[in-house]
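All chains are named by letter (A, B, ...) in the order of the sequence lines, taking the proteins before the strands, and each is independently numbered beginning at 1.
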Protein chains: 2
Amino acid sequence: MTSDDLDAIFKALADPTRRRIVDRLAARPRQSLFELCAGAVAEGQPAMSRQAVSQHLDVLERAGLVRVEWSGRTKLHALELGPLKAAQAAWLGRYLAEEAG
Amino acid sequence: MTSDDLDAIFKALADPTRRRIVDRLAARPRQSLFELCAGAVAEGQPAMSRQAVSQHLDVLERAGLVRVEWSGRTKLHALELGPLKAAQAAWLGRYLAEEAG
DNA sequence: TTGACATGCAAGTATTTGCTTGCCTATAAA
DNA sequence: TTTATAGGCAAGCAAATACTTGCATGTCAA
């Protein structure tokens, strides 16, 4: 866990659209790009272009927070919590409250 | 803790220089702007101009992570962990490992 | 094979970020 | 009062971001 890794992780989480993508992938893993676009609309949020969502997913993927699996022509995305827990161990944990239960 | 608050907190932590400032304030609270500039050099890091450090402190202060207290012409900075713990409670905690010990 | 679908790639643009430079204000010390 | 010190304000600039538009590629179905 280098300083650059922490940069990428915090930067990825610093955007509300990306945090919503994380939340949707936590609720249901293995979603395609189109499913994630539709999910935004389903939650009553402003529609996002496919390219915009794709670029957000790239940011999350480069931070290691999203893992990708191809199934034919469909790219399935799922949450990867390892880097976040590593960030907690490497830096964030010093400053966080101990989690209650 | 609004989504904007989370934006500000994660964005503030997404820069290595700002994380080092946080670390230095954790090690010793109530440091002035000049002390924080000197601290960078003392740690063997590249010197930073007063204005650059000041702008980083503004970002941390706007995120609520740094609390300021004036003493004469000296502005003393200290770490404020409340917002970080609030961010953990509001969002981050869902995805973090339970802290060992 | 043809056409529809899921996604990638690349260029263009407006905004933000990180940093610098130059000048100004206010407090403290000589 | 003069001078040095701690910091603020504002403009300028290169790089990064967030998003769009247009076109290309690869996969599946009819």
Side-chain angles (χ1 to χ4, degrees), chain A residues 3-22 24-25 28-42 45-63 65-78, chain B residues 3-22 24-25 28-42 45-63 65-78:
Chain A
S3 185
D4 283 352
D5 293 334
L6 289 173
D7 285 7
I9 290 169
F10 286 127
K11 189 163 296 185
L13 298 181
D15 183 281
T17 303
R18 284 195 289 266
R19 286 196 304 275
R20 282 196 298 265
I21 290 176
V22 165
R24 284 202 289 275
L25 287 177
R28 188 161 64 86
R30 294 171 57 87
Q31 292 191 64
S32 74
L33 181 53
F34 272 57
E35 287 174 305
L36 289 165
C37 287
V41 176
Q45 282 139 16
M48 300 202 58
S49 77
R50 174 178 64 85
Q51 289 80 353
V53 174
S54 175
Q55 284 166 20
H56 281 304
L57 285 169
D58 280 346
V59 173
L60 288 166
E61 198 180 335
R62 277 196 296 271
L65 295 171
V66 158
R67 154 179 33 100
V68 155
E69 174 192 348
W70 280 94
S71 166
R73 64 183 166 183
T74 304
K75 190 182 190 181
L76 297 172
H77 304 79
Chain B
S3 185
D4 284 352
D5 293 333
L6 289 172
D7 285 8
I9 290 169
F10 286 127
K11 190 165 298 185
L13 298 181
D15 183 281
T17 301
R18 285 195 289 268
R19 287 196 305 276
R20 282 196 299 264
I21 289 176
V22 166
R24 283 202 290 272
L25 287 177
R28 186 161 65 88
R30 297 169 56 86
Q31 293 191 64
S32 73
L33 180 52
F34 274 57
E35 287 174 304
L36 288 165
C37 287
V41 176
Q45 282 140 17
M48 301 202 57
S49 78
R50 176 178 63 87
Q51 289 82 352
V53 174
S54 175
Q55 284 166 21
H56 281 303
L57 285 169
D58 280 346
V59 174
L60 289 166
E61 197 180 337
R62 278 197 296 272
L65 296 171
V66 158
R67 153 178 34 98
V68 154
E69 174 193 346
W70 280 92
S71 166
R73 66 182 164 182
T74 304
K75 191 181 188 181
L76 297 172
H77 304 81

A.B. asks: Show the nearest heavy-atom pair for residues A:Lys11 and B:Ala14, with the distance to one decimal.
C.D. replies: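 In this case the closest contact between A:Lys11 and B:Ala14 is N-CB, 3.6 Å.
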A.B. asks: Do B:Leu25 and B:Leu60 have side chains that get closer than 4.5 Å, going by heavy atoms?
C.D. replies: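 No, side chains not in contact.
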A.B. asks: Using only modelled atom types and a 3.5 angstrom limit, is any donor from either the side chain of B:Arg50 or the base of D:dG8 paired with an acceptor on the other?
C.D. replies: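 Flag set: donor-acceptor pair detected.
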A.B. asks: Does OP1 or OP2 of C:dG8 have a side-chain N or O of A:Ser54 closer than 4.0 Å?
C.D. replies: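 The answer is yes; a side-chain N or O of A:Ser54 sits under 4.0 Å from OP1 or OP2.
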A.B. asks: Do the side chains of A:Asp7 and B:Pro16 get nearer than 4.5 Å, heavy atoms only?
C.D. replies: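 With C-beta onward as the side chain, the pair touches.
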A.B. asks: Quickly work out the A:Leu13 CG to D:dT17 P distance and round it to whole Å.
C.D. replies: 14 Å
A.B. asks: Send over the distance from B:Gln51 CD to D:dA11 P, rounded to a whole Å.
C.D. replies: 15 Å
A.B. asks: Determine whether a donor-acceptor pair (one donor, one acceptor, N or O, separation below 3.5 Å) exists between the side chain of A:Arg73 and the base of C:dT7.
C.D. replies: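 Check fails, no donor-acceptor contact within cut-off.
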A.B. asks: Would one find a side-chain N or O of A:Ser49 under 4.0 angstrom from OP1 or OP2 of D:dT20?
C.D. replies: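 Affirmative; the distance criterion is met.
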A.B. asks: Among C:dT17, C:dC19, C:dG8, which nucleotide sits nearest the side chain of B:Ala52?
C.D. replies: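 Selected nucleotide: C:dC19.
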A.B. asks: Mapping A:Ser71 and A:Met48 onto DNA chain D by nearest heavy atom, which one lands closer to the 5' end?
C.D. replies: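 The residue whose closest nucleotide sits nearer the 5' end is A:Met48.
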A.B. asks: Within this structure, what is the CZ-to-P distance between B:Phe10 and C:dT17, rounded to whole angstrom?
C.D. replies: 16 Å
A.B. asks: A:Phe34 side chain: which of C:dA6, D:dT20, D:dA18 is closest?
C.D. replies: C:dA6
A.B. asks: Quick one: A:Gln55 CD to C:dT13 P, roughly how many Å, whole number?
C.D. replies: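 Rounded to the whole Å, the gap is 16 Å.
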A.B. asks: Specify the separation, in whole Å, of atom NE2 of A:His56 and atom C1' of D:dA16.
C.D. replies: 14 Å
A.B. asks: In whole angstrom, give the distance that lies between atom NZ of A:Lys75 and atom C1' of C:dC9.
C.D. replies: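 One finds 12 Å between C1' of C:dC9 and NZ of A:Lys75, rounded.
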A.B. asks: Assess, by modelled atom type and distance only, whether the side chains of B:Gln45 and B:Arg20 contain a donor and an acceptor separated by less than 3.5 Å.
C.D. replies: yes
A.B. asks: Would you mind reading off the distance between A:Leu57 atom CG and D:dA18 atom P, rounded to a whole angstrom?
C.D. replies: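 It is 13 Å, rounded to the nearest whole Å.
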A.B. asks: Once you round it to whole Å, what is the distance between C1' of C:dT7 and CD of A:Gln31?
C.D. replies: 16 Å
A.B. asks: Please enumerate all residues that pass salt bridge (Lys or Arg N to Asp or Glu O under 4.0 Å) together with B:Arg62, with sequence neighbours excluded.
C.D. replies: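 With neighbours one apart ignored, the set is empty.
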A.B. asks: May I ask you to evaluate whether A:Lys11 reaches the phosphate of D:dT17, defined as a side-chain N or O under 4.0 Å from OP1 or OP2?
C.D. replies: yes
A.B. asks: Using heavy-atom distances to pick each residue's nearest nucleotide on DNA chain C, tell me which of A:Ser32 and B:Gly72 is more 5'.
C.D. replies: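 Residue closer to the 5' terminus by nearest nucleotide: A:Ser32.
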